[in-house]
Amino acid sequence: MTEIQDNNREFEDLNEILRVRRQKLAELQSKGKDPFTIVKYDVTSSSKEIKDNFEQMEGKVVSVAGRIMSKRGMGKASFCDLQDREDRIQLYVRIDAIGQEKYEEFKKFDIGDIVGAKGEVFRTHKGEISVKVEEITLLAKSLQPLPEKWHGLKDTDLRYRQRYVDLIVNPEVKKTFILRSRIISAVRKYLDQRGFLEVETPILSPIPGGANARPFITHHNTLDMDLYLRIAPELYLKRLIVGGLEKVYELGRVFRNEGMSIKHNPEFTIIEIYEAYKDYRDMMELTENLISSVALEVLGTTKIVYQGQEIDLTPPWNRMTMTEAVKKFAGVDFENIKTVEEARRAAQEKNLHVEKNLTRGEILSLMFEEFVEEHLVQPTFIYDYPIEVSPLAKRKPTDPDMTERFELFIFGREMGNAYSELNDPVDQKERFLKQVEKRAAGDEEANMMDEDFVNSLEYGMPPTGGLGIGIDRLVMLFTDNYSIRDVLLFPTMKPRD
RNA sequence: GAGCCAUUAGCUCAGUAGGCAGAGCACUUGACUUUUAAUCAAGGUGUCCCGCGUUCGAGUCGCGGAUGGCUCACCA
């Protein structure tokens, strides 16, 4: 029995497409031409370089490599489209240029195969910049057929689970992730150029802090102890400010064990930035300068279009206190509301359900979320937050019930959060104790006491401005993607059976 | 966590009233030395998401489940 027949038996329960490709591979292997034994290929040019510099490249011999995306055979000559990192280029393969034996081999190449090709750059009669192939080498056999060339891969389930296929066939997806990488790189560059130090703090931590969220719990075997995946790097970064690093940032993953939605993934990327001797107003300037500079660098403009709506990121951005915003959009003036009872009555008049134990500040915050957020389409800083919802922010010197905190809203979404950091260890300890009470009362998202963090503040932390920005949401904005899953290479998915 | 919708060939999708499972792309064979959604001729695609039920008969109707999408809740 020949090897081919043997393989026929081995592959007989596969469908035709899979069977044929495996047979082609087996045939190559039996002839000592196994593509998978090739370890490298010398690439001299990318398709984009060739197209961008055609005037200089015309007539030159280049080597390109990539994936065959389509084939148009015409007997003794063929065209195929080769896709590499950023673009595609057409290959023109003629029997008289590569020889009959090689041409027979080439005819068996499939869409999806990885090949290397060498030849002269030229333009066809129809004007297509192409490579006139002198040598073509199969570098990897594709055993799976690619999705259809015209419609691509649309099934969101498959796109997220098999992102590699999505990236191959949907150019706009590839573009999004290239842009994501450039955005992150531009953010780093902006901060590095201004003397910030990028640091890394623990993801595995005994006490999750710096945000209100339910954490993931994991277990360390040797220490025989449960650890939490961080929900924010904040408390570690402020310890570094105490330690004298003065200007630090961390760009990394945080984990929150909460619901998933079009805007929420259990793990997401955040940047937190801390600068000693600055306050929240300085952080507003840093925020608008950082985001507009990154936009200018990666998109070439500060006027972007998101979901059909123009958004102008040119600084300075709108600034409004929370009280002003609630007055403007809800028509409720908290300047004249001094007690919880008044606040509750105002909420009732707006048909807003308020739970019994809420304070005046929490009702203000609730009204803001309910009636204001959605209106903040253009970049807007909302500042001066009630102390009850800001356990890590410094009180306003003029109003001890309010804190020097702001959040940034764009397209009705919270994009960033910042404050003049609370550096009074006694106040901080009291606020932790309040959070601990809330926790004891069943609020799983309330902070835990972090004694060591309080201890660090007791050594003295300079007045400090701190800022956090959701990187995924920024990428969504810049790439005009509506779902967070479209800016995450591998969004969290339930496994299939 | 709740509601609504979707799941049919490798991919994108049709499938009428419950009566033999369809198209395009891809694939196979043949023709074709500047095509480009190449063209022309011929050919085969299958766990109709899974299970149970109703029925002479289920892709289609009912119940349960899986996965995904959207909306709401929680949050960034």
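Sequence lines set the chain letters: A, B, ... in the order given, protein chains first and strands last, and positions in each chain run from 1.
In this structure, CE of A:M260 is placed 14 Å from P of B:rU71, rounded to the nearest angstrom. Whole-Å rounding puts the A:R159 CZ to B:rU7 C1' distance at 17 Å. When rounded to the nearest whole Å, the span between OH of A:Y92 and C1' of B:rU36 equals 13 Å. Rounded to whole Å, atom P of B:rC27 lies 8 Å from atom NZ of A:K149. Atom NZ of A:K71 is separated from atom C1' of B:rU35 by 14 Å (rounded to the nearest Å). Atoms CG (A:N257) and P (B:rG1) sit 11 Å apart, rounded to a whole Å. If you measure from atom CG of A:L18 to atom P of B:rC11, you get 10 Å, rounded to the nearest angstrom.
Atom P of B:rG68 sits at a distance of 33 Å from the matching atom of B:rG24, rounded to the whole Å. Atom C1' of B:rC49 sits at a distance of 30 Å from the matching atom of B:rG43, rounded to the whole Å. Atom name P, nucleotides B:rC61 and B:rA14: the rounded distance is 15 Å, in whole Å. Nucleotides B:rA17 and B:rU39 place their C1' atoms 41 Å apart, quoted to the nearest Å. Separating the C1' atom of B:rG46 from that of B:rA21 is a span of 8 Å, rounded to the nearest Å. Comparing the C1' positions of B:rU8 and B:rU60 gives an interatomic distance of 11 Å, to the nearest angstrom. Across the C1' atoms, B:rU36 and B:rC72 are found 48 Å apart, a figure rounded to whole Å. Nucleotides B:rG59 and B:rC50 are separated by 10 Å at their P atoms, to the nearest Å.
Checking B:rG1 for Watson-Crick or G-U wobble geometry (two distances, each under 3.5 Å) identifies B:rC72 as its partner. Nucleotide B:rA66 forms a Watson-Crick or G-U wobble pair with B:rU7, both donor-acceptor distances falling under 3.5 Å. As the counterpart of B:rC40, B:rG30 is assigned, both hydrogen-bonding distances of the Watson-Crick or G-U wobble pattern falling under 3.5 Å. The partner of B:rA23, taking Watson-Crick or G-U wobble pairs whose two distances both stay under 3.5 Å, is B:rU12. Across all strands shown, B:rG59 remains unpaired; no Watson-Crick or G-U wobble contact has both distances below 3.5 Å.
Considering only the side chain of A:S261, B:rA73 comes nearest among B:rU33, B:rG10, B:rA73. Comparing B:rA76, B:rC32, B:rC11 against the side chain of A:L153 picks out B:rC11 as the nearest.
By the stacking rule of 5.5 Å between ring centres and under 30° between planes, A:H151 does not stack on the base of B:rU12. Residue A:W150 and nucleotide B:rG24 are not classified as a stacked aromatic pair, given the requirement of ring centres less than 5.5 Å apart at an interplanar angle below 30°.
Phosphate contact (OP1/OP2 of B:rU35, side-chain N/O of A:K126, threshold under 4.0 Å): present. One finds a side-chain N or O of A:K24 lying less than 4.0 angstrom from the OP1 or OP2 phosphate oxygen of B:rU28. Using a 4.0 Å cut-off, some side-chain N or O of A:R72 falls inside it from OP1 or OP2 of B:rA38. Dashed line: the shortest gap from a side-chain N or O of A:K494 to OP1 or OP2 of B:rU67 is under 4.0 Å. The phosphate of B:rG68 (OP1 or OP2) has no side-chain N or O of A:R485 nearer than 4.0 angstrom.
A cation-pi contact, defined as under 6.0 Å to the ring centre and within 45° of the axis, is absent between A:K263 and A:Y482. By the 6.0 Å and 45° rule, A:R319 does not stack over the aromatic ring of A:F381. At least one test fails for A:R180 against the ring of A:F177: distance under 6.0 Å to the centre or angle within 45° of the axis. Taking the ring axis of A:F371 as reference, the NZ or CZ atom of A:K350 stays within 45° of it and closer than 6.0 Å to the ring centre.
A side chain to side chain contact (heavy atoms under 4.5 Å, CB included) with A:K33 holds for exactly one of A:L138, A:L28, A:T137; it is A:L28.
With sequence neighbours excluded, no residue satisfies side chain to side chain donor-acceptor pair (under 3.5 Å) with A:E445.
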